[in-house]
Amino acid sequence: MLVQGLTYPYLGDTPCSRLYMYGYTFRLVKGDRYIAVFKGTCVETRRYFIIRDHLANHRVLEGQQPVHAAIPVTWSDWADDWLLRREAEKWVRGGTRTA
């Protein structure tokens, strides 16, 4: 799925936040207008800074992964993990639909 306003930072040269919940990866890249949703635990780039890691016994998907959905961003701070979590939980409650 190609979405205008959604970065594909496979090189790891753009800062982003990730949230692993409910069997999905939610990723917000600095400057994007959407949160990318991937199925499974996905890291497209190298892992540099992890605040809390609960990935034990999970298969981690590396490299390019297909985007499952795109959630519109309603704020401008890509590093606001509380808002990222809120939007992910709202999306999951809405039925985990594709964009």
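All residue numbers in this chain count up from 1 along the given sequence.
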Checklist entry - Between the main-chain N or O of W78 and the side-chain N or O of S17, is there a donor-acceptor pair closer than 3.5 Å? => result yes
With side chains defined as the heavy atoms from C-beta onward, is the minimum distance between [X] and [Y] less than 4.5 Å?
X   : Y   : value
H68 : F38 : no
I71 : Y34 : no
E87 : L28 : no
D32 : K30 : no

Item to check | By side-chain contact (heavy atoms from CB on, under 4.5 Å) - contacts of L19 (at least two apart) | outcome: M21, F26, L84, R85, A88
Next on the checklist: Holding to side-chain contact (heavy atoms from CB on, under 4.5 Å), I want the full list of residues that pass it with D80, two or more places apart in sequence or in another chain.
Outcome noted: W75, D77, W82, L83
Item to check | Value rounded to 0.5 Å, distance of CZ in R18 from OG1 in T41 | outcome: 11.0 Å
Checklist entry - SG of C42 to CZ of R27: how many Å apart, nearest 0.5 Å? => result 10.0 Å
Next on the checklist: Apply side-chain contact (heavy atoms from CB on, under 4.5 Å) to residues V37 and V67 and explain how you reach the verdict.
Outcome noted: CA-CA 6 Å; V37 182; V67 175; 5.8 Å; no
